[in-house]
Amino acid sequence: MARILYLNLPAEGHVNPTLGLVKQLVENGEEVVYMCTEDYRNKLSQTGAQFLPFQLNEEIFKELGFNPAEIKHPLQFTEFILRGIIQPHISEILRLTENESFDFVLFDSMFGWGGPIIAEKLGIPSICSISHFVIANVPDFEMPTDAVDLDMDALRDRITNAAQQIAAEYNVDVPAFEDISRQIGKYKLIFTSRYFQPDADKLDESFIFTGSSIIPRSDAPDFPLEQLHSKYEQVVYISMGTILNKDVEFYKLCFEAFQDIPAQFVLSCGKDTDLDPLGDCIPHHFIIEPYVPQLEILQRADAFITHAGMNSTSEALYYNVPLVMIPLSSDQPVVAKRVEELGAGIALDKYNLTPEVLKSALLQVLHDASYKQNAKQIGDSFREAGGYQEAARRVVSLFSKV
């Protein structure tokens, strides 16, 4: 039996894909100590893992002015990884584990360079787990057209200074800029398929694709699933994720666009979103809840309107559901582009949304069978990759190799 340390950040899109893997490892007889913030104690403890909390310093994010919807350049993300995650948190993680003994560490890719630092200081091998697409080629850090207001020299200086401070503190070499936030390490476990991954032919065998990790969620709320097909043949699910879901104007747009479409709509609006001012605008065929059992809804859905977050997109495609996508930030435009390339959905520009555009895209996805067929092809690739059972098998098999 191995004793494994798993490090992750408090984000649904990063934690949820790991739950099946951790549960399977525990059922296989391995001991897993999972480090995340206190908010995830209940969810992670239910996998059978031991839970060890660390404190995320959110004040650092405020000081950095980090907003996932406002990143204009890849180096802003590098600074976030370096100064927001690695610099303030690696010392605490090492302190919390200094009297512990592990055979292996799995770390989420958001730890970037910090993952190998922790593994080196603990004297154990590591695997990087990745819940999003991999950038096959190191990007050329030229100024994008929408980043003209960034002081790039100052940004580079901040990154350089922080990297040198970290390297001196832990007696390690300073990596190249692109390696600070990149998925580095001997092996990388990716919760998607080679078919769905863009430019997969450019990734070597150190990238291990195991498909989506889908398991039932014990924290899913109750929902009247029997109502979904009680009045209408088709079901449309709308969710903009757990972070960027407070755009009331977008929901108002949906109400106007879909008021005459004969389908059952389910809208997950988030617990902190106040839709009371729109009460008179809500069509009768909408079921609106702050939070819904997403996996159960997707198994019954005919289309999914989404921000194209990697986690939500993968779950929909696993259940062969085509998408209408309005990417908002981060890697969402890349995910939406890939879905559209493979013919499983339609991507819309968030700056040019109208009721007519939204309605037209949804009707196309609902009535053109090719979208459903192409979604199923991606879903098949996920299932064929083996999921969390294969991920657990591969992780254990790598112990003797890393």
Review point. Step by step, would you call V266 with V236 a side chain to side chain contact (heavy atoms under 4.5 Å, CB included)?
Key: CA-CA 6 Å; V266 178; V236 178; over 6 Å; no
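- Side chains of N16 and E12: a donor on one and an acceptor on the other come within 3.5 Å.
- Side-chain contact between D199 and K202: present, with at least one pair of heavy atoms (C-beta onward) separated by less than 4.5 Å.
- Side-chain atoms of S312 and H307 form no donor-acceptor pair, as typed in the model, at a separation below 3.5 Å.
- Inspection of the Q264 and Q234 side chains reveals no N or O donor paired with an N or O acceptor under 3.5 Å.
- If you check the side chains of S45 and Y40, you find no donor sitting under 3.5 Å from an acceptor.
- Centroid-to-centroid, the aromatic rings of F382 and Y318 stay 6.0 Å apart or farther.
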Practice item. Evaluate the criterion salt bridge (Lys or Arg N to Asp or Glu O under 4.0 Å) for residue pair E356 and K359; output intermediate values, then yes/no. Key: CA-CA 5 Å; E356 293 75 22; K359 179 178 182 179; over 6 Å; no
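- Residues V235 and H229 have side chains in contact (heavy-atom distance under 4.5 Å, counting atoms from C-beta outward).
- Using a 3.5 Å distance cut-off with no hydrogens or angles, the side chains of S206 and K188 do pair a donor with an acceptor.
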Review point. Would I287 and F223 count as a side chain to side chain contact (heavy atoms under 4.5 Å, CB included) if you check the C-alpha gap in whole Å, the side-chain angles of each, and the deciding distance to 0.1 Å?
Key: CA-CA 10 Å; I287 298 174; F223 186 89; 3.9 Å; yes
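- Checked for salt-bridge contact, K252 and E256 miss the test: no charged N lies under 4.0 Å from a carboxylate O.
- Between H285 and Y232, the ring planes lie tilted relative to each other; the angle falls in the 30° to 60° range.
- E120 and Y170 are not linked by any side-chain donor-acceptor pair at a separation below 3.5 angstrom, with hydrogens and angles left out of the test.
- Relative orientation of the F258 and F286 rings is parallel, given thresholds of 30° and 60° on the angle between their planes.
- With salt bridges taken as basic N to acidic carboxylate O contacts below 4.0 Å, none links R95 and E98.
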Exercise for review: Determine, step by step, whether Y6 and V105 satisfy the side chain to side chain contact (heavy atoms under 4.5 Å, CB included) criterion, reporting the C-alpha distance in whole Å, the side-chain angles of both residues, the deciding distance to 0.1 Å, and the verdict.
Suggested key: CA-CA 6 Å; Y6 210 133; V105 58; over 6 Å; no
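- Between the side chains of D108 and H14, at least one donor N or O sits under 3.5 Å from an acceptor N or O.
- Salt bridge status for R156 with D153: absent, with no side-chain N to carboxylate O gap under 4.0 Å.
- Defined by atom type and a distance below 3.5 Å, a donor-acceptor pair is present between the side-chain atoms of Q165 and Q87.
- For R41 and E38, the salt-bridge test passes: some basic side-chain N is under 4.0 Å from an acidic carboxylate O.
- With hydrogens and angles disregarded, a donor-acceptor distance shorter than 3.5 Å links the side chain of E340 to the backbone of A347.
- For the pair L323/I346, no side-chain contact is recorded, criterion being any heavy-atom separation below 4.5 Å from C-beta on.
- Side-chain contact annotation: Y237 with Q294, donor-acceptor N/O pair under 3.5 Å present.
- At least one side-chain heavy atom of F209 sits under 4.5 Å from a side-chain heavy atom of L203.
- Taking the ring axis of F104 as reference, the NZ or CZ atom of R3 does not stay both within 45° of it and closer than 6.0 Å to the ring centre.
- Checking side-chain atoms of R338 against main-chain N and O of F196 turns up a donor-acceptor pair under 3.5 Å.
- Using a 3.5 Å distance cut-off with no hydrogens or angles, the side chains of D368 and S370 do pair a donor with an acceptor.
- A donor-acceptor pair under 3.5 Å is formed between the side chain of S381 and the backbone N or O of I378.
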**Study point:** Step-by-step side chain to side chain contact (heavy atoms under 4.5 Å, CB included) determination, F102 to I4
**Key:** CA-CA 6 Å; F102 301 100; I4 305 168; over 6 Å; no
